[in-house]
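To start, the structure under review is shown below, and the notes come after it.
Every number for a ligand or one of its atoms is a count from 1 in the order of the listing. Here the structure is a predicted model, which is why all the values come from computation and not from measurement.
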Amino acid sequence: MYVAQPIQWTEHGVVMLDQRRLPAEEITHTYTDYREVARAIREMVIRGAPAIGVAAAMGVALGVLHSTAKSTDELRLEFAQICEVLAKTRPTAVDLFWALERMKARFAEVSAAPADVQKIKQALVAEARQIHLEKKATDEAIGRFGAEFMPRDGQVMTQCNAGALATGGIGTALGVIRVAIEQGRKLHVLVPETRPYLQGARLTAWELHRGGIPLTLITDNMVGHFLKSGKVSAIVTGADRIAANGDTANKIGTYQIAVLAKENNVPFYIAAPVSTFDLSIPDGDHIPIEERAASEVTHLQGVRIAPDVPAAHPAFDVTPARYIAAIFTERGVARAPLTQSLRSLASEKAISTGTTSA
Ligand code: MRU
């Protein structure tokens, strides 16, 4: 089954598929400067929480690799600056900060013992590639746990794009759907277009179609109608940040889907890696919500569709834990009471990966 490749580490630089141009064109860019990677994240060349984390890690690796620092101390100063630039790209997806922390920890580890600059560079490139590999393994495991909850034959709904494009693996929510189909379940996916950025219409529809997975594209305001029909067996979405009590930030529009799901007795599931947990915050009120440009609401692909009026664009909303039936992770399934369940999954050992490079 086709799996999109949103990001690759190559000898020429970091190659990204430009997701702003999909589905019309499949264009890639090769970046050799970490500042270009930061810009690509901010401007949505790459998006989706885990993929943003992989991009940030590769951005750090690029920055260090091309540094002209002559000593470890010089490199350490530059390293801090590189991490700061990448941290300022997008505020909601905690995977970004998780990946930067991993790179910082690796830098500290390798520079603790006497090490030349070259050795540090190699170690950080290897760490970024390892993070990418781990994301792939993580998605597969999430898929296996989540597939059990999918119907044998029926319709499932998603939101935004939580597929290969969003992770660099097989996807989280779409990974669950993919594995379920590979196991022989007959699923048909309802894809809300996900205004204003249209990740559903442009990316999920493209990805599922390329993978030969049956789908029907709907507009966001059709969600209630379809959930009320009794023909939707489950909903599965990704997540950008999960607070200690299970409140979950995901793409704007997810909250209203979860509420309508409860009203219509449709189970609402989240599929996300443990790196999406933010147990340092008690609940969803503490999740920073990215506010994107109003022009993304007033314009569609550069064409004005509204008069020149104020427009709001919170890019994410928070679904309270009480609407979430279960959270599929690579370490198992979290169920109510989520606080306890999330804490115990977070303390489990991380899954291991092979040694081949991503
Ligand atoms: O603004 P985006 O496109 O980065 O938002 C993406 C989402 O909200 C996804 O659902 C989430 O990151 C999970 S991706 C596996």
Side-chain angles (χ1 to χ4, degrees), residues 3-4 6-7 16-20 22 40-56 89-99 132 135-136 138-143 146 157-178 191-207 220 235-242 248-258 268-278 284 287-293 296-297 313-319 324 327-330:
V3 181
I7 185 164
M16 286 187 205
L17 177 62
D18 191 339
Q19 299 192 29
R20 300 168 305 180
L22 290 172
I41 297 173
R42 204 174 316 114
E43 296 184 354
M44 313 275 280
V45 171
I46 190 157
R47 31 64 52 203
I52 291 171
V54 173
T89 49
R90 297 196 68 192
T92 304
V94 79
D95 253 277
L96 169 77
F97 306 98
W98 170 88
H132 191 191
K135 289 290 162 205
K136 290 176 192 245
T138 295
D139 282 1
E140 308 269 347
I142 293 172
M157 186 182 281
T158 188
Q159 165 73 341
C160 190
N161 172 267
L165 289 169
T167 69
I170 59 166
T172 52
L174 296 193
V176 168
I177 290 168
R178 180 186 289 265
V191 181
E193 59 182 355
T194 317
R195 273 278 288 153
Y197 211 74
L198 299 178
Q199 288 94 332
R202 294 189 307 105
L203 308 177
T204 296
W206 178 80
E207 220 184 293
D220 298 329
I235 299 161
V236 57
T237 78
D240 286 82
R241 197 183 286 234
I242 302 173
T248 295
N250 191 50
K251 180 52 53 194
I252 191 75
T254 304
Y255 168 50
Q256 64 199 28
I257 296 178
F268 175 86
Y269 302 116
I270 294 287
V274 171
S275 55
T276 305
F277 296 3
D278 183 356
I287 299 178
I289 300 295
E290 176 181 10
E291 188 68 36
R292 290 190 65 85
E296 290 178 358
V297 175
H313 184 184
F316 303 94
D317 58 26
V318 175
T319 298
I324 301 170
I327 300 179
F328 313 138
T329 79
E330 72 277 27

Check ligand 1 against [X] and write out every atom of the ligand that is under 4.0 Å from a heavy-atom position of the residue.
X	result
Thr167	15 (C)
Gln199	1 (O), 2 (P), 3 (O)
Pro50	14 (S), 15 (C)
Ala49	12 (O), 14 (S)
Thr172	15 (C)
Lys251	1 (O), 2 (P), 5 (O), 8 (O)
Asp240	7 (C), 8 (O), 9 (C), 11 (C), 12 (O)

Side chains of Val3 and Arg178 in contact at under 4.5 Å (non-hydrogen atoms):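 The answer is yes; the side chains approach within 4.5 Å.
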
Which residue and atom name correspond to the protein heavy atom nearest atom 10 (O) of ligand 1, and how close is it?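 Scanning the protein heavy atoms, the shortest distance from atom 10 (O) of ligand 1 goes to Asn250 OD1, 2.7 Å.
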
Counting non-hydrogen protein atoms only, what is the nearest one to atom 14 (S) of ligand 1? Give residue, atom name and distance. Ala166 CB, 3.5 Å

Considering only heavy atoms, does Cys160 approach ligand 1 within less than 4.0 Å through its side chain, its backbone, both, or neither?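 Side chain only.
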
Non-hydrogen atoms of Ala93 versus ligand 1: any pair closer than 4.0 Å?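 Heavy atoms of Ala93 never come under 4.0 Å of ligand 1.
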
Please confirm whether Phe316 comes under 4.0 Å of ligand 1, counting heavy atoms of the residue only.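 It does, in that a heavy atom of Phe316 comes within the 4.0 Å cut-off of ligand 1.
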
Got a salt bridge between Arg195 and Glu193, using NZ or NE/NH1/NH2 to carboxylate O under 4.0 Å?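 No, this pair does not count.
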
Between Asp278 and Arg241, is there a salt bridge with N-O shorter than 4.0 Å?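 Salt bridge flag = yes for Asp278 with Arg241.
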
Evaluate side-chain contact (heavy atoms from CB on, under 4.5 Å) for Leu174 paired with Thr204, printing each intermediate quantity in order. CA-CA 8 Å; Leu174 296 193; Thr204 296; 3.9 Å; yes

What I want to know is whether Met44 and ligand 1 share at least one N or O pair that is separated by under 3.5 angstrom.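 Met44 vs ligand 1: no N/O contact under 3.5 Å.
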
Could you tell me whether Arg90 and ligand 1 have an N or O pair separated by under 3.5 Å? yes

Indicate yes or no for a side-chain donor-acceptor contact from Glu330 to the backbone of Ile142 under 3.5 Å, with no hydrogens or angles considered.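 Judged by distance alone, no pair lies under 3.5 Å.
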
Is a side-chain N or O of Gln159 found less than 3.5 angstrom from the main chain of Ile252, in a donor-acceptor match? yes

Among Gln199, Arg202, Arg47, find the one that has a side chain to side chain donor-acceptor pair (under 3.5 Å) with Asn161. Arg47

Would you kindly say whether Lys136 and Thr167 are connected by a side-chain donor-acceptor distance under 3.5 Å? no

Can a side-chain donor-acceptor contact be found between Thr276 and Asp95 if the only test is distance below 3.5 angstrom?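 Result is yes, a qualifying pair exists.
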
